[in-house]
Asker: 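Have a look at the structure that comes next, please.
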Amino acid sequence: MIIFLSCIILFLIGLYAIVTKRNLIKIVIGFAFIEYAINLLFALIGFRRGMLAPIITQVDMPHKFVDPIPQALVLTAIVIALGTTALMLSVVLRIYNRYKTFDIAEIRKLKG
Amino acid sequence: MIELYLFLVFMIIAAFVATEIKDLLAAVISLGAVGFSVAIMFILVQAPDLAIVQIVVEVVTIVIFVAVIFRTTHVDETIGKKLTSSHVLSIVLYAFFALIFFIAMVRALQELPAFGNATMKVASEYIRLGLPQTGGANLVADVILDFRALDTLGEATVLFTSVIGVIALMRSVGRKK
């Protein structure tokens, strides 16, 4: 329970960066923190104490594995996180080339 | 499992440093510290596939961040400025909604099985049928490539869409000056 709530605190730090920071790079970093927190929460929910990684090594043995489904879902999500981060950073780079600032308050004042 | 708690405390401190520090390059280094801690935690919770992918993705993410910062600036001018009224309003609203969200998550996470006791209702079928039906020994690979292959197709679509977006944004040929 406490370990799940620690992931939620990491999520809230990312949300803090997105909502209150005025620097675009810090906002992208906040999105990255939210992605890490959710991926970690999924992997922790699927964990079982004393069990092994879900890879079959002996066929006739009883299978004592951690849950493979959250791991499969998170494997997809990690790669998508890379794609969204790269897209956000290219948008940020375009904005900087036009306005010469990362400050979203300054960007709001200027006209394109 | 004390090391999991130590890594989580380290990650929360590094995340807070990354949001508050003035040098953007240092913020990206803190982001990398959090990402590699996530990779180590994946190994500790018996998820080696996730740890491998996380390390690769983390390295690429940091390289992209550093490339962007080298082409622009590495000083965050907004840190240390005087707080405007809209900034104070955003902090107050954030604190309010963070409190509501935290209480809701406390109540929601109580419904889940406790840490270390996953129920595995769906997964027991996949574990039983994984090797006979797909022939793959790695059950995570069985799930993403066979049982839920359409999910993986959608993931590849999203990834290629984002790559097309990056190429369209970063091109220099044919752009109006």
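Every chain is numbered from 1 and lettered A, B, ... according to where its sequence line falls, protein lines coming before strand lines. Predicted model only: the values in this text are computed from it and were never measured.
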Asker: Kindly indicate whether the side chain of B:Leu109, heavy atoms from C-beta on, has any atom under 4.5 Å from the side chain of A:Ile8.
Answerer: yes

Asker: Check whether A:Met51 gets within reach of chain B through its side chain, its backbone, both or neither, counting any heavy atom under 4.5 Å.
Answerer: backbone

Asker: Check the pair A:Ile25, B:Thr72 against side chain to side chain contact (heavy atoms under 4.5 Å, CB included), reporting the backbone distance first and the verdict last.
Answerer: CA-CA 11 Å; A:Ile25 295 280; B:Thr72 55; 5.8 Å; no

Asker: List the steps and the verdict of side chain to side chain contact (heavy atoms under 4.5 Å, CB included) for B:Val45 and A:Val66.
Answerer: CA-CA 8 Å; B:Val45 298; A:Val66 301; over 6 Å; no

Asker: Any side-chain heavy atom of B:Ile127 sitting closer than 4.5 Å to one from A:Pro68?
Answerer: yes

Asker: Give, as side chain, backbone, both or neither, the part of B:Leu50 having an atom under 4.5 angstrom from any heavy atom of chain A.
Answerer: both

Asker: Just verifying a value: how many Å separate B:Phe65 CZ and A:Leu89 CG, rounded to the nearest 0.5 Å?
Answerer: 4.5 Å

Asker: Any donor and acceptor pair, going by atom type alone, linking the side chain of B:Arg71 with main-chain N or O of A:Leu93 inside 3.5 Å?
Answerer: no

Asker: Counting C-beta onward and ignoring hydrogens, is there a side-chain heavy-atom pair between B:Val143 and A:Leu73 closer than 4.5 Å?
Answerer: no

Asker: Most heavy-atom pairs under 4.5 angstrom with chain A, which of B:Val106, B:Val163, B:Thr152?
Answerer: B:Val106

Asker: Looking at B:Leu89, B:Leu145, B:Leu131, B:Val28, which one has more heavy-atom pairs under 4.5 Å with chain A than the rest?
Answerer: B:Leu131

Asker: So which residue, B:Val57, B:Leu93, B:Val38, ends up with the most heavy-atom pairs under 4.5 Å with chain A?
Answerer: B:Val57

Asker: If I take atom OG1 from residue B:Thr73 and atom NZ from residue A:Lys100, how far apart are they, to the nearest 0.5 angstrom?
Answerer: 11.5 Å

Asker: Using heavy-atom distances under 4.5 Å, tell me whether B:Val56 contacts chain A through its side chain, its backbone, both, or neither.
Answerer: neither

Asker: Under a 4.5 Å side-chain heavy-atom rule over Ile, Leu, Val, Met, Phe, Trp and Tyr, are A:Tyr36 and B:Val60 clustered together?
Answerer: yes

Asker: With a 4.5 Å cut-off on side-chain heavy atoms, are B:Val53 and A:Val79 touching?
Answerer: yes

Asker: What option among B:Ala114, B:Pro48, B:Gly165, B:Ala18 has the most heavy-atom pairs under 4.5 Å with chain A?
Answerer: B:Ala18

Asker: Pick one of side chain, backbone, both or neither for A:Thr85, based on which atoms fall under 4.5 Å of a heavy atom in chain B.
Answerer: side chain

Asker: Counting heavy-atom pairs closer than 4.5 Å to chain A, which one of B:Phe147, B:Phe101, B:Phe160 comes out on top?
Answerer: B:Phe101

Asker: Would you mind checking which part of A:Asn97 comes under 4.5 Å of any heavy atom in chain B, side chain (CB onward), backbone (N, CA, C, O), both or neither?
Answerer: neither

Asker: Do you know which of A:Gly30, A:Pro70, A:Gly83 has the most heavy-atom pairs under 4.5 Å to chain B?
Answerer: A:Gly83

Asker: In Å, rounded to the nearest 0.5 Å, how long is the span from CE of B:Met11 to CD1 of A:Ile9?
Answerer: 11.5 Å

Asker: In terms of heavy-atom proximity below 4.5 Å to chain A, should B:Phe115 be classed as side chain, backbone, both, or neither?
Answerer: both

Asker: Out of A:Phe33, A:Phe102, A:Phe65, A:Phe4, which one racks up the most heavy-atom pairs below 4.5 Å with chain B?
Answerer: A:Phe33

Asker: Report whether B:Val66 and B:Leu31 are members of the same hydrophobic cluster (ILVMFWY, side-chain heavy atoms less than 4.5 Å apart, transitive linking).
Answerer: yes

Asker: Considering only heavy atoms, which portion of B:Ile12 lies under 4.5 Å from any heavy atom of chain A: side chain, backbone, both, or neither?
Answerer: both

Asker: Tell me, for B:Leu112 versus chain A, whether the close heavy atoms (under 4.5 Å) come from the side chain, the backbone, both or neither.
Answerer: side chain

Asker: Given heavy-atom pairs under 4.5 angstrom as the criterion, report whether the side chain, backbone, both or neither of A:Tyr96 touches chain B.
Answerer: side chain

Asker: Can you tell which of B:Ile91, B:Val92, B:Thr19, B:Val88 makes a side-chain contact (heavy atoms from CB on, under 4.5 Å) with A:Thr20?
Answerer: B:Ile91

Asker: When hydrophobic residues are tied together by side-chain contacts of less than 4.5 Å, even through go-betweens, does B:Leu99 share a cluster with A:Tyr16?
Answerer: no

Asker: Mind checking the CD1-CD spacing from B:Ile144 to A:Gln71? Nearest 0.5 Å is all I need.
Answerer: 11.0 Å

Asker: Within the supplied structure, the quantity of interest is the number of heavy atoms (other residues, nucleotides, ligands) at a distance under 6.0 Å from A:Phe31 CZ; does it exceed 12?
Answerer: no

Asker: Any chain of hydrophobic side-chain contacts (each under 4.5 Å) joining A:Ile55 to A:Ile69?
Answerer: no

Asker: I'd like to verify something: which residue of A:Leu15, A:Thr84, A:Ile27 has the highest number of heavy-atom pairs under 4.5 Å with chain B?
Answerer: A:Leu15

Asker: Where does A:Leu44 contact chain B at under 4.5 Å (heavy atoms): side chain, backbone, both or neither?
Answerer: both

Asker: Show the numbers, then the answer: is there a side chain to side chain contact (heavy atoms under 4.5 Å, CB included) between B:Val140 and A:Leu75?
Answerer: CA-CA 9 Å; B:Val140 176; A:Leu75 199 64; 4.1 Å; yes

Asker: Is there a donor-acceptor pair under 3.5 Å between the side chain of B:Tyr94 and the backbone N or O of A:Leu12?
Answerer: yes

Asker: Can you tell me which of B:Val9, B:Thr161, B:Asp76 forms the most heavy-atom pairs within a distance under 4.5 Å of chain A?
Answerer: B:Asp76

Asker: Do the side chains of B:Glu20 and A:Lys26 get close enough for a salt bridge, i.e. N-O under 4.0 angstrom?
Answerer: no

Asker: Is it the case that atom CG in B:Leu150 sees more than 12 heavy atoms from other parts of the structure closer than 6.0 Å?
Answerer: no

Asker: For B:Leu44, is it the side chain, the backbone, both, or neither that has a heavy atom closer than 4.5 Å to a heavy atom of chain A?
Answerer: backbone

Asker: What distance do B:Gln54 atom CD and A:Leu82 atom CG have between them, rounded to the nearest 0.5 Å?
Answerer: 10.0 Å

Asker: Could you state whether B:Phe102 and A:Ile13 fall into the same hydrophobic cluster, counting links through intermediate Ile, Leu, Val, Met, Phe, Trp or Tyr residues with side-chain heavy atoms under 4.5 angstrom apart?
Answerer: yes

Asker: Please find the pair of heavy atoms, one from B:Ile64 and one from A:Ala86, that lie closest to each other, and give the distance.
Answerer: CD1-CB, 4.0 Å

Asker: What part of B:Leu24 gets closer than 4.5 Å to chain A, counting heavy atoms only: side chain, backbone, both or neither?
Answerer: side chain

Asker: Please say whether more than 12 non-hydrogen atoms of neighbouring residues, nucleotides or ligands are located less than 6.0 Å from NZ in B:Lys22.
Answerer: yes

Asker: Could you give the distance from CD (B:Glu77) to OG1 (A:Thr101), rounded to the nearest 0.5 Å?
Answerer: 5.0 Å

